[in-house]
Amino acid sequence: MAAAQLLWKEQGTPDPLPAIEFARLMASGELSVGAFLHYESQDSEYLRNYIGCWGCMLIKLDPTSEHFTQSAQLLFDLQRFTIGERKVVDDQPTLEATSKALSQDGKSAAEEVPKHQKGDGDDDAESPLLKALEGVQPSCFYEYIQYLQGMSLCRTSNCLELCVAVLPCLRLYAEVGLALKKSLTQEQLDSLPASFKTWICTYACPEFQLNADRTEAMMDRLLDERVKSSKNVAITSTQPDDSALRLQILRGELSRIYAYTMQLELEIFDYYTELSKAIKKKATTFQWQSPFRPGANTATVEPRMYPQALTIAGSDSGGGAGIPADMKAMEFFRVFSSVAITATTAQNTVGVQDVHILPEDHLKAQILLNFDDYKGNLRVVKTGMLPNRAQIEIIADCLSSHAKKIGKEVSLILDPVMIASTGSRLVDDAAVEALKSKLIPMATLLTPNLPEAAFLLGKKESEVESSLDESAKQFFTDYPTLKAVLLKGGHIENETALAQLLEGFYAGSSAPTASAGKSVVDTLFINLSALGSAPDLPQLCGVHMGWASGQSADMRVRMQHLAGDHLVKVSIVHPRIQLANGRLNDHGSGCSLASAVAAGLAARMAPKGPAGSTPPSGPMEYGYACGAAAAPGATRKGYGGCNYGGELSRFLWAEPEKKDEAGAPAPAWESLKMLTEAVFDAVHFVSSAMEASGHFHIGDGHGPLLHRAAEKSIVDAQ
């Protein structure tokens, strides 16, 4: 069975008339015309975004694809078709106007469309409900539109995902329209209100049916291409065959996308069914309850809870590192960043001239005021430069009290800024001991580079780089509650060590040689014991990233279970940036990496949409409305601010075998998945920004990382 047909069989409504009361009421003429016209007014806005989806799919379509011309022609046809469909909805046209719209925009069912009959909806014109709902958008329509916007605007959502998101609408309306047309005689059809008959004839026409079939065929082609590209990546020792991998991808994120948009379609029908009944009863109040999601109603549309994270670090007056870098990295991921500053510096790209450590009471006030305002919405904290023991103890106490107050775990991303690039110590022994005893045991992720890891473990750098696995095990032995360590590989240039890290990633001549120094390997170790329970290990279906302009290498990832040690090892290989002009603007890259991980976790942990909303995971989760003026909604009690941002990539995961009673993956599995994705996104982001930054001149010394310059690199990589 074709993949699209399988999704429809499992998630759709193959026999729509018995299942969809909206359709039955329309067929019998019992549906309130006033309610239907309110539905059409909302549908017009939905169709406007639907048209945009076809355009975005055209942009995202791979021009090197074997079926590019065929798919592009279909998308052009669908866009013209939907434009004509929206004209019919907007204009309530005569037969002649409908005929013209349909013939110009890809449909030819004009002879079946009735002339407009005055009086449609007159019986409902005085309904107090309709007057009260004038200009009110039902939450199901709101969420659907926001979701399609997020999918379309997200830079890394691909053509396949968009195709899956819009398919339920096409197939469901085709089936409902055809079922209604077949169930009615011509006389019965003619007796219906003109707006009903127009709707039925539009969705029952052969062209609409054909477009649904063609779109499903395109989805199958795109899935085949995804399977083929996933097979190009060395990811595990055992590679599934094409049919198994195809089903694995389908059963993962694609199935959730399809199920979610199908649910929203059915909610829209259910909402207007209940509204019609209320109008017919001449009710003066109306409260709709979603049959799928308890708590979702239409009286108000709650603002989205914007993802948030707190960064506690020093401030770089040159704008390259510390707090400025943290904020820019978080905003790139569309995460609202609050701050607590530990110290201010007077510095530029040439060097640091002065440092002023802020009083402990002032630091504590900054942290507590943020926690008091943002409450449970602020659950991710990133730390950077922590200059003394007193500050570290205050931070640990504030984090503990905040977690107790909100009744939820607070994720701490700890960047152990202890050693300068020159090799000199930045913090004293008392601060190091406080870091080890107070903060590292609380951390979700520790992000040391090679010198920092060696210092924390009391080893030589050569010992760490030659035995990363043993070094990671020592971290978790010394700090059993530490959940994960990301050993950054930028300092690892030893040929033997690099060769060991690259082993198994490439086959044949495509492998970069260690001696050429072309690759960096960042290694994430996750402590399964600290997650609370050993999760059913997920399998990575495939990640294959093309790279930015000027770099021919790609980004590869491998996940391994270190048997007997309760550890998962995720190795990420990416190009070592080597620009012809010799410039490397990477000042602040360490801060940006840790902040990007924090932002990735915050984006994945934040509630999405109105109460009760449960959209599928993936980049669309934080694909909020674009633009610097996108308000953070209910971010805080006071005035909101502006946010800027972009989205990055995500993995394809197989579903875990073990789930909880509700059928959801175990919390430990979700934690592992979120952390792995966030780290991968952060590495991709920083590497892209570093490559792009090298083409610009900023300052006379060590140039800063240019976060927004990563945008074009990331887009080019997709």
Side-chain angles (χ1 to χ4, degrees), residues 306-345 347 355 357-358 360 362-375 377-387 391-392 394-396 398-399 402-403 410-418 426-427 435 439-440 442-448 486 587-606 622 632 635-636 641-645 678-679 681-682 685-686 689 704-705 707:
Y306 206 94
Q308 300 175 66
L310 169 66
T311 171
I312 306 174
S315 181
D316 175 0
S317 63
I323 292 290
D326 294 344
M327 295 185 72
K328 284 181 277 191
M330 290 180 182
E331 287 170 349
F332 189 94
F333 282 81
R334 298 189 181 283
V335 170
F336 184 83
S337 55
S338 50
V339 305
I341 301 175
T342 60
T344 60
T345 65
Q347 66 173 297
V355 178
I357 298 174
L358 295 181
E360 289 81 13
H362 185 61
L363 173 64
K364 183 176 182 179
Q366 293 179 73
I367 298 171
L368 291 181
L369 283 172
N370 279 314
F371 285 157
D372 288 345
D373 191 0
Y374 302 132
K375 298 182 175 62
N377 296 324
L378 186 51
R379 295 176 51 202
V380 180
V381 176
K382 177 264 177 186
T383 61
M385 176 186 175
L386 308 177
Q391 285 196 356
I392 291 171
I394 285 172
I395 293 168
C398 289
L399 291 176
H402 181 57
V410 176
S411 296
L412 172 62
I413 310 303
L414 200 163
D415 183 17
V417 180
M418 298 183 301
L426 298 175
V427 294
L435 194 74
L439 282 186
I440 294 181
M442 300 174 65
T444 301
L445 177 68
L446 184 68
T447 63
L486 175 63
H587 179 50
S589 57
C591 305
S592 299
L593 180 67
S595 297
V597 174
L601 287 179
R604 288 167 171 84
M605 291 163 60
Y622 42 107
T635 297
R636 52 171 289 176
C642 290
N643 289 274
Y644 312 81
V679 168
D681 282 358
F685 159 66
V686 171
L705 194 73
H707 300 76

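Predicted, not measured: the structure shown is a model, and the values here were computed from it.
The side-chain heavy atoms of Thr383 and Ile392, taken from C-beta on, include no pair separated by under 4.5 Å. Within the 4.5 Å cutoff, side-chain heavy atoms of Met385 are placed close to those of Val355.
Atom-to-atom distance recorded for Leu386:CG and Ile395:CD1 is 4.5 Å, nearest 0.5 angstrom. One distance of note links CG of Leu486 with OG1 of Thr447; it measures 6.5 Å at 0.5 Å rounding. Atom CG in Leu310 sits 11.0 Å away from atom CZ in Phe336 (nearest 0.5 Å). Atoms CG and NZ, from Leu593 and Lys382 in turn, are 10.0 Å apart once rounded to the nearest 0.5 Å. With rounding to the nearest 0.5 angstrom, the CG atom of Asp373 is 8.5 Å from the CD atom of Gln308. Taken to the nearest 0.5 Å, the CD1 atom of Ile323 stands 13.5 Å off from the OG atom of Ser317.
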Checklist entry - For Val380 and Met330, what are the C-alpha separation, side-chain angles and deciding distance, and is it a side-chain contact (heavy atoms from CB on, under 4.5 Å)? => result CA-CA 11 Å; Val380 180; Met330 290 180 182; over 6 Å; no
Next on the checklist: side-chain contact (heavy atoms from CB on, under 4.5 Å), that's the test. Do Cys398 and Leu368 meet it? Break it down for me.
Outcome noted: CA-CA 7 Å; Cys398 289; Leu368 291 181; 3.8 Å; yes
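Closest of all the heavy-atom pairs between Cys591 and Gly322 is SG-N, 3.4 Å. Contact record, Gly590 with Asp415: O-OD2, 3.7 Å, taken as the closest heavy-atom pair. Here the shortest heavy-atom pairing between Asp326 and Ala313 reads OD2-CB, 3.8 Å. Heavy-atom minimum distance, Ala329 versus Ser592: CB-O, 3.8 Å. Heavy-atom minimum distance, His402 versus Lys375: CE1-O, 3.3 Å. Closest approach of Leu378 and Ser338 over heavy atoms only: CD2-OG, 4.0 Å.
Remark: the backbone N or O of Gly319 is paired with a side-chain donor or acceptor of Lys328 at under 3.5 angstrom. Judged by distance alone, with hydrogens and angles left aside, the side-chain atoms of Asn370 form a donor-acceptor pair with the main-chain N or O of Val339 at under 3.5 Å. Gln391 contributes a side-chain N or O that, together with a main-chain N or O of Thr342, makes up a donor-acceptor pair within less than 3.5 Å. Judged purely by atom type and a 3.5 angstrom limit, Thr444 has no side-chain atom pairing as donor or acceptor with the backbone of Ile413. With hydrogens and angles ignored, the 3.5 Å screen pairs a side-chain donor or acceptor of Asp316 with a backbone N or O of Gly318.
Residue Leu435 is tested with Leu414, Leu446, Val427 for a side-chain contact (heavy atoms from CB on, under 4.5 Å); the sole match is Leu414. The only option from Leu358, Ile312, Ile341 that meets the side-chain contact (heavy atoms from CB on, under 4.5 Å) definition with Leu363 turns out to be Ile312.
Between Phe685 and Phe332, the two ring planes are tilted [angle within 30° to 60°].
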